[in-house]
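Beneath this line is the structure, given in structure tokens, with notes to follow.
Reminder, nothing fancy here: chain letters follow the sequence lines and each chain counts from 1.
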Amino acid sequence: MIGYGGDYNPEQWPREVWDRDYEAFGLAEINTVTLGVFAWAHLQPAEDTHDFSTLDAIVDRATAGGRRIVLATPSGAMPPWLAHAYPDACRVDFEGRRHVYGQRHNACPSSPDFRRLSVALAGRLAERYGDNPAIVAWHVGNEYGGACYCPLCAAAFRRWLRERHGDLDGLNRAWHTTFWSHTFTDWEQVQPPTALSEHWRGPNHTAFQGITLDYRRFLSDALLGGFVAEKAAIREHVPDTPVTTNLMGLYQPVDYHRWAPHLDFASWDNYPPEDPSAARTAARMALAHGLVRGLRGGRPFWVMEQTPSVTASRDVNAVKRPGVLRLWSWQSVAHGADAVLYFQLRQSRGACEKYHGAVLDHAGRTGTRVFREVAALGREFARVGAELTGARTPARVALLVDWDSWWAVEMSDGPNRNVRYLDVLTAYHRALWQANAALDVVPVTADLSGYDVVVAPLLHVVKGDVTERVTAFVERGGAFVTTALSGRVDEDDNAFLDDGPFASLLGLWVEETDARQPDVVNPVALFGAEHAARHVFEVVVVEDAEVLGAYGADFYAGSPAVTRAARGRGSAWYAATLLDDAGVAALVRAVLDEHGLAGPLADVPDVEVAERVGADGTRWLYVLNHGPRRVVRCPVAGVDVLSGRELAVGGELVLEAVDVLVVRVAADA
Amino acid sequence: MIGYGGDYNPEQWPREVWDRDYEAFGLAEINTVTLGVFAWAHLQPAEDTHDFSTLDAIVDRATAGGRRIVLATPSGAMPPWLAHAYPDACRVDFEGRRHVYGQRHNACPSSPDFRRLSVALAGRLAERYGDNPAIVAWHVGNEYGGACYCPLCAAAFRRWLRERHGDLDGLNRAWHTTFWSHTFTDWEQVQPPTALSEHWRGPNHTAFQGITLDYRRFLSDALLGGFVAEKAAIREHVPDTPVTTNLMGLYQPVDYHRWAPHLDFASWDNYPPEDPSAARTAARMALAHGLVRGLRGGRPFWVMEQTPSVTASRDVNAVKRPGVLRLWSWQSVAHGADAVLYFQLRQSRGACEKYHGAVLDHAGRTGTRVFREVAALGREFARVGAELTGARTPARVALLVDWDSWWAVEMSDGPNRNVRYLDVLTAYHRALWQANAALDVVPVTADLSGYDVVVAPLLHVVKGDVTERVTAFVERGGAFVTTALSGRVDEDDNAFLDDGPFASLLGLWVEETDARQPDVVNPVALFGAEHAARHVFEVVVVEDAEVLGAYGADFYAGSPAVTRAARGRGSAWYAATLLDDAGVAALVRAVLDEHGLAGPLADVPDVEVAERVGADGTRWLYVLNHGPRRVVRCPVAGVDVLSGRELAVGGELVLEAVDVLVVRVAADA
Amino acid sequence: MIGYGGDYNPEQWPREVWDRDYEAFGLAEINTVTLGVFAWAHLQPAEDTHDFSTLDAIVDRATAGGRRIVLATPSGAMPPWLAHAYPDACRVDFEGRRHVYGQRHNACPSSPDFRRLSVALAGRLAERYGDNPAIVAWHVGNEYGGACYCPLCAAAFRRWLRERHGDLDGLNRAWHTTFWSHTFTDWEQVQPPTALSEHWRGPNHTAFQGITLDYRRFLSDALLGGFVAEKAAIREHVPDTPVTTNLMGLYQPVDYHRWAPHLDFASWDNYPPEDPSAARTAARMALAHGLVRGLRGGRPFWVMEQTPSVTASRDVNAVKRPGVLRLWSWQSVAHGADAVLYFQLRQSRGACEKYHGAVLDHAGRTGTRVFREVAALGREFARVGAELTGARTPARVALLVDWDSWWAVEMSDGPNRNVRYLDVLTAYHRALWQANAALDVVPVTADLSGYDVVVAPLLHVVKGDVTERVTAFVERGGAFVTTALSGRVDEDDNAFLDDGPFASLLGLWVEETDARQPDVVNPVALFGAEHAARHVFEVVVVEDAEVLGAYGADFYAGSPAVTRAARGRGSAWYAATLLDDAGVAALVRAVLDEHGLAGPLADVPDVEVAERVGADGTRWLYVLNHGPRRVVRCPVAGVDVLSGRELAVGGELVLEAVDVLVVRVAADA
């Protein structure tokens, strides 16, 4: 069964509305409800008062309806009394300002009072509801994120630093404090990096990258501490039910790779940023699905939230066009989701999400386009979902994502502030995605032995044994692809004092790094076509590599821009500059083609193909059309489980706009 | 007599200059001086010391010259000693920062010390000067505005909330605090909505619209409290002389409709924002004049300030072109002003207004273009003004303005942050203005019985009995025009749980609200022409209305964009999207034409016609040319009181650029 | 000998690296090293502990290598223990926020603790190293700048104000406090002008220009106080070695003219802002060189820092193109530098300057393009430098620069915020530079008797006897050129109450000042061509001057835009508006031509010619080509000391791109 449903906050409505809601849920085949996400205020109206009556009724109503429950702890939003009683449970922001009660996701992760109260309440919930078999998952907090720079965090940071660096000598070495007279002689001298200490022009402009990098790691760990503590309190009463929290995909402030081991399964909230290109949007969602699936070793994950129609928090909130909801929902499944849930089932009446889309609008109508699309999809999922869940996604291509590099490259002074990690990551991902290459998105610590191609854009920070593992991967036949600005610093953001860890693998070293304004283009000829390079232009000295492309302009015209080094049975590819989409696509496709890893319909624009494979070897090929109607040759023989049509290899296949096929291919086909 | 003169601060100059000033005033027929606006420091050099000698001399000099005096209380700018003695008389800003002494308009409206001292000084001034018959008005403070978020205001806000919402249950209901665990259980938990509590990205981005909306109302009332208290102190000594303060026209932070009952007459400062279009500027001023006139039931108002030439506070301060000063001054009179005053009569020597224009420049020259224009206008006013003042402005068209909607629509999360209340209000107003429709600008609480057409753009907040009154108005024959995003929330900014209050009147309900970036245009065919719609596109379900225009693009192409519902003897019109100027003009003109309410010369671009009517029925038709020279047919028979020319209906009338006619039409004509 | 070398911080590296470094320094003929700039933390690891062992070794190694040392005091960056022990040694920023430890250039200039500790350490350094003959200069602190608004500064500001204004009456008069009730009755009422007092929208938007202007002067003096105190401590042990600090050229926050008397020689750091035009960049550097040379009466100065290749602190950091390093270094010498040093000799490993260029990169390579260019230039300097140093730069043209005007014109409310002092100053300078006019850049207090032409753009503030001196200069035959917005205010930023101090000299007064958006152009015909005027358009009344150019548009079309008044034997020129580059060039060239002061190759674009003259009358003509290859006629007879070629007057001279000639012209030639 594909999980289908979403966030539901019936405490906002009189109970007669609940019955009407459940009637509608029935029409839409909604089987899963997420309850209690922001329930703290009614669960615990005062520190010494608990009242479970409302939640009891809500859980009872859901259980009575036979639905699966995701039960949340309410720590995503503290109640007013808590902030009033414990002002230092509120955060201090980057500007050094202590906040007072307001909004949500607002608790200091180092506040002992907040920790004590949130953990105690999680334990009480687990104790009370833990044996309800309708509860299929626990959902701790909500969209962990943000930052705090208060004295409690400063103290916790110092403890964290002792743990990491051992002593002050280690700290001073890591942070290169001989620069600008920064040698710390007492732990108490260490300050969180803020607008009042090391920063100017905001969080990415720091005098000491090492300090800021460590603070980001600390914050990610401090937030994780809250999750881990609540999970432990739940586990005291609930031995088996999986515990998760809803992540946010490509979210820079929290290093999900540090979180992954603590999640029983991964889940995330899918709100892609507005992009005029449907294909770019689809690719970005695919990347995030892959990232989240990669957190738990490729096991199925959940889409914990998506909007049925509009968001409210954007400056401009367009409705999802007809069919898009279905297309994107199936895309989630195609990439490994076993549940696709909405925020939210019924629209809030007031405050900042009152215009956020919902399955049921303010008037509770079931005749709207949105409800009709939700219900049709629910019925479709109900009809065919059973065979699809649990299947896995084998891949021979890995895309490396690294939060440390993401942080470091964007907070670097020099060479170019216009280099954005996600821009480069998504450009390389789009090339893989357009080629419909089966793909894992993994951390730099991942075991690479199962892959033939590893793509690592902007691998700026080199840490642990990644160099050794990548080199071994290449030696035994793999293709490694990396880019300008990779291999530049160690995990403390200190430069290497030689040619750098990748030099011998790539067969080159970087003599100069030129940077230019965004309107400056240097043409790079590659495989017979000319592509535009921008932003960063490394002048490299090739020692032992084949030059595939060279700069066409500037004083380094003719010098290498793209190279390939044969190493052992494999190869190491380097783009010494940032190529445009077509250039990246040419490079990536060449690598894929060497290994025969381009997927089905790789040359059909906007058509995405993703595959899941069942335990018995059955394959399901998901074909998703993000562009206009197209007629293609069917790449496999099988049955479209949605339409029931039999499909023959090479047969004409009509792909309508926003249409989806799920082609079952027998294990022996 | 038309009041003519302005702000005069002779304390900045030696007394021999005063005599030269008054000589120049004589040349310019200046009959009114505003005195003492920022006089606190010399009136009360220390808390226990008063010194009226300077003001005595200033008042004596003005009185001796036979001029009318507007005497100000000086509370618009506190003296340094006050801030030093009472630091909490200074404001705390939106960012939570306590200010110290500086600038003006800087006093916390909840500070008991500031209140006590400002009221006491107002009382002393009234006691001392109250029986001077030259004083024709009292001018309390100056340009009330801004905001404070200090602990004193927090406490006052809580008191104000108790008054408004009764108890915490009422508060929690109004603010929809079941959302995000916000249930308040103690009044002390309530915080002003700031960057440190409910807001992000500034004053329009709040997690709880209800909280922020209430705080805006509270602030408007708190500022009003200062005015009311000073007025009361004046009234202890001055039984009859009218008391006012200078408002700022279309000024969002203060709800002038909440202030109106407390003003003996309305006045405002006319500094239109720079706009390359002279007609747009003129229309905007006309709207503000109408708004201010509407505050006191249509009675004549004053222009308390305008600049004779340049402002200083803009980034770029252009001089008024020749003739513009006269044109705009006459426009003020045309719309109901009985006085037209300048800021200022003599130019400041130092500080931030030293380059602000003045009747007399730093050197006191009377030979400048500016002085010549001021003097010529003064003589013109003196020559013809006597017959013009006191006349009223009857209108059959009402434009509804609502601060609650202005605030709510711009702080809403979703659908579109690019929707600005003034953009839409002024677009509809410009259409009425271009048609020279006689127009009142009134609050939603206004009695609508005297109107045939009521235009209500972006009437987002529906409060009180407005639905009932509008419905009755339509039933008995009126035409009601409203737009997308109207009728969406109640006065606490909570969404309606049904089709909304206007659904049955308009004959439709809104199924979806699409929003798009500013460059996305959806063409709407209306009355045979195609117009561009932008920003917001409601997909409506028409139950009982005529469709006048439909969308031409997107998945809702063909669905209704403009409708007209016949109801009783009247009609209710709806624009489900935001049309461009031409589209609004087509719609508005159709409504006006149904009621025969387009005014004279409605089809002549840039020519404004406004009318005032005397007690005996004499009409004065003001014809103002904001565009290039035009030759038109004279719409009435009468005498141009400026030139003395007799005009016949249909005769050729030459309107020079920036020229003005004031055509007297006899009561029986 | 031309000083050549730069900042060197070997404490960041193990000692074996030092030897390799010095080997490389030998290859590059590096003869000067700047040591200890940020050494505080290792010199004084705690308040009561000093440790000179590292610096001893560094100094010994440099001395042993026979190099010249510039020894720095480390007060540019305090160590963590200092900020921890004395929190008020950290600054309070413009927003009122107390900073904590971080970055550099961060000490409150009014902190007695910081002053005591920094001065004591400077004294200890002088005591220990003062008799080392290798030390050729002392370098106090680093790049003084920034601002503090703390209570200690507030108190110091009040003392400074008493000194300047005598009593409160003087203060109130200067600040024009009758405006907005600002009369101060106690010194304690005075607040630093910040975002919390007189400012809005940042440091250039103040309610009281007089207050802010005084605070800027105070801050410049307060920072100078630190320099002066350290210098005095050095002088207790070091009687003769010159003491300097590295200035920043066209740096608005510090008035270098107030600093000049305290510098034994002037030096600055040359990091020109990125500009797509090579000529504009060259001109800007020439202006800064001139400004710095002008600080010490034209004596040779030093370039204390420049980057060999890239900066790191810009958003986009381009490498210097081949040959540019040599070209710009020779330009420094051409304009009077006797030393050209780099920041830095070896690249930092971590923190915010790790990507800043250096003579030696992270790997210490000597085979890079950058090192090769550095070394080639070092050898060239070594080969020919001996004859060049010490020479002076005689000039008959003076460009007046005035920090008070720079501050005042940019913080003025009205007429136009788009008027930027540097834009206008550099436009006039570029015209002089393109004409290769020998030029001094001097303060308004300079003796003008040696000049024939004085150009004073935006001389907004008129102070001291400048009017008298300029008038006398003109009377005896000089040409004075000034612009719109000049002569407007006295040194307290109060407007003049008559036609202004320059009216009789210029033969006109300003009746109106129009200001327009940047896209509005008014054409001005001048010497037969039409030029574009923008931003500010003064409508002037000419009493006694020749009109050279008139406005071509707007209601003041035909009125004078450029004038020339004959006075005595000289002339006073006025541009009543801001002309485009071509317009300024036409005006400036006309003035130069009247006096025969256009220099050699004045009509060859992008070719700069500057001259130095030795004590014996030998001239060195530096010819620098900032543009593409050109063939010109040689303007003098002499020998190019770089190539050894003999050059004849009028002979064909090939100027390659980025090439340099240094033509020695015998004293009797």
Side-chain angles (χ1 to χ4, degrees), chain A residues 9 11-13 17 37-43 45-46 74 76-81 83-84 90 93 95 97-104 274 276 309-319 321-323 347-357 361-365 367-370, chain B residues 95-97 174-186 188-200 205-211 412-418 488-489 492-500 509 511-518 520 535 537 539 541 554-555:
Chain A
N9 300 298
E11 65 270 25
Q12 299 181 13
W13 315 100
V17 175
V37 175
F38 297 114
W40 199 328
H42 63 83
L43 291 174
M78 68 173 100
W81 62 258
H84 193 242
C90 295
D93 66 19
E95 308 293 326
R97 305 174 304 184
R98 168 73 68 188
H99 283 230
V100 295
Y101 185 70
Q103 305 182 57
R104 61 168 178 173
E274 189 188 319
S309 176
V310 289
T311 53
S313 58
R314 310 284 167 80
D315 284 354
V316 178
N317 301 276
V319 300
R321 270 49 203 161
Q347 200 164 19
S348 286
R349 188 177 182 196
C352 65
E353 289 185 348
K354 71 172 179 290
Y355 289 131
H356 189 100
D361 67 11
H362 290 124
R365 297 181 185 101
T368 62
R369 175 183 73 91
V370 170
Chain B
E95 308 293 325
R97 303 174 305 183
W175 289 356
H176 192 64
T177 58
T178 47
F179 182 71
W180 286 4
S181 195
H182 264 52
T183 310
F184 292 93
T185 54
D186 186 314
E188 291 303 308
Q189 294 162 3
V190 174
Q191 301 282 353
T194 69
L196 307 184
S197 60
E198 298 293 357
H199 282 255
W200 72 97
H205 289 74
T206 175
F208 276 77
Q209 279 70 16
I211 299 178
S412 179
D413 256 26
N416 194 330
R417 291 273 176 189
N418 296 314
R488 290 293 188 101
V489 294
D492 296 311
D493 200 70
N494 288 314
F496 295 107
L497 300 182
D498 53 20
D499 295 343
W509 54 273
E511 182 181 339
E512 297 192 65
T513 303
D514 195 21
R516 305 301 302 274
Q517 296 294 341
V520 176
H535 299 304
F537 311 90
V539 182
V541 177
D554 222 315
F555 73 89

Relative to chain A, which of B:D492, B:T185, B:N494, B:T194 shows the most heavy atom pairs under 4.5 Å?
B:N494
Side chain from CB out, backbone as N, CA, C, O: work out which of these in B:Q191 comes under 4.5 Å of a heavy atom of chain A, or both, or neither.
side chain
Considering only heavy atoms and a distance below 4.5 Å, find which of A:S313, A:P74, A:P322 pairs most often with chain B.
A:P322
Among B:T513, B:T206, B:L497, B:T177, the residue with the most heavy-atom pairs under 4.5 Å to chain A is B:L497
Is A:V100 in contact with chain B via its backbone, its side chain, both, or neither, using a 4.5 Å heavy-atom distance?
both
What part of A:S309 lies closer than 4.5 angstrom to a heavy atom of chain B: side chain, backbone, both or neither?
side chain
Residue pair A:F38, A:E11: steps toward the side-chain contact (heavy atoms from CB on, under 4.5 Å) verdict
CA-CA 10 Å; A:F38 297 114; A:E11 65 270 25; 5.8 Å; no
Verify, without hydrogens or angle tests, whether A:Y101 (side chain) and A:M78 (backbone) share a donor-acceptor contact under 3.5 angstrom.
yes
Classify the side-chain pair B:H182/B:Q189 by whether it contains a donor and acceptor separated by less than 3.5 Å.
no
In this structure, is the centre-to-centre distance between the rings of B:W175 and B:F184 below 6.0 Å?
yes
Check whether any side-chain heavy atom of B:F179 lies under 4.5 Å from a side-chain heavy atom of A:K354, and answer yes or no.
no
With only heavy atoms counted, which part of A:R98 is less than 4.5 Å from chain B, the side chain, the backbone, both or neither?
backbone
Per-residue contact mode, B:V541 against chain A (heavy atom under 4.5 angstrom)
neither
Please tell me if the side chains of A:R349 and A:W13 come closer than 4.5 Å, counting only heavy atoms from C-beta onward.
yes
Answer yes or no for A:R365 and B:W509: cation-pi contact, defined as NZ/CZ to six-membered ring centre under 6.0 Å and angle to ring axis within 45°.
yes
Contacting region of A:Q347 [heavy-atom separation from chain B under 4.5 Å]
neither
Bottom line for B:D186: the part with an atom under 4.5 Å from chain A's heavy atoms is neither
What part of A:H99 gets within 4.5 angstrom of chain B, counting heavy atoms only: side chain, backbone, both, or neither?
both
Segment of B:H535 engaging chain A (4.5 angstrom heavy-atom cut-off):
neither
Okay, A:P79 and chain B: the region with an atom under 4.5 Å from a heavy atom over there is both
Assess the pair B:H176 and B:F208: is the distance between their ring centroids shorter than 6.0 Å?
no
Is chain A contacted by the side chain of B:A174, its backbone, both, or neither, given a heavy-atom distance below 4.5 Å?
neither
Looking only at heavy atoms and a cut-off of under 4.5 Å, which of A:Q103, A:E274, A:H362 has the most pairs with chain B?
A:Q103
Do you know which of A:A363, A:S348, A:A77, A:A312 has the most heavy-atom pairs under 4.5 Å to chain B?
A:A312
Looking at chain A, which one of B:A195, B:G96, B:P518, B:P193 has the largest number of heavy-atom pairs inside 4.5 Å, strictly under?
B:A195
Greatest number of heavy atom pairs closer than 4.5 Å to chain B - which of A:C352, A:A41, A:G364
A:C352
So what's closer than 4.5 Å to chain B heavy atoms on A:D315: side chain, backbone, both or neither?
both
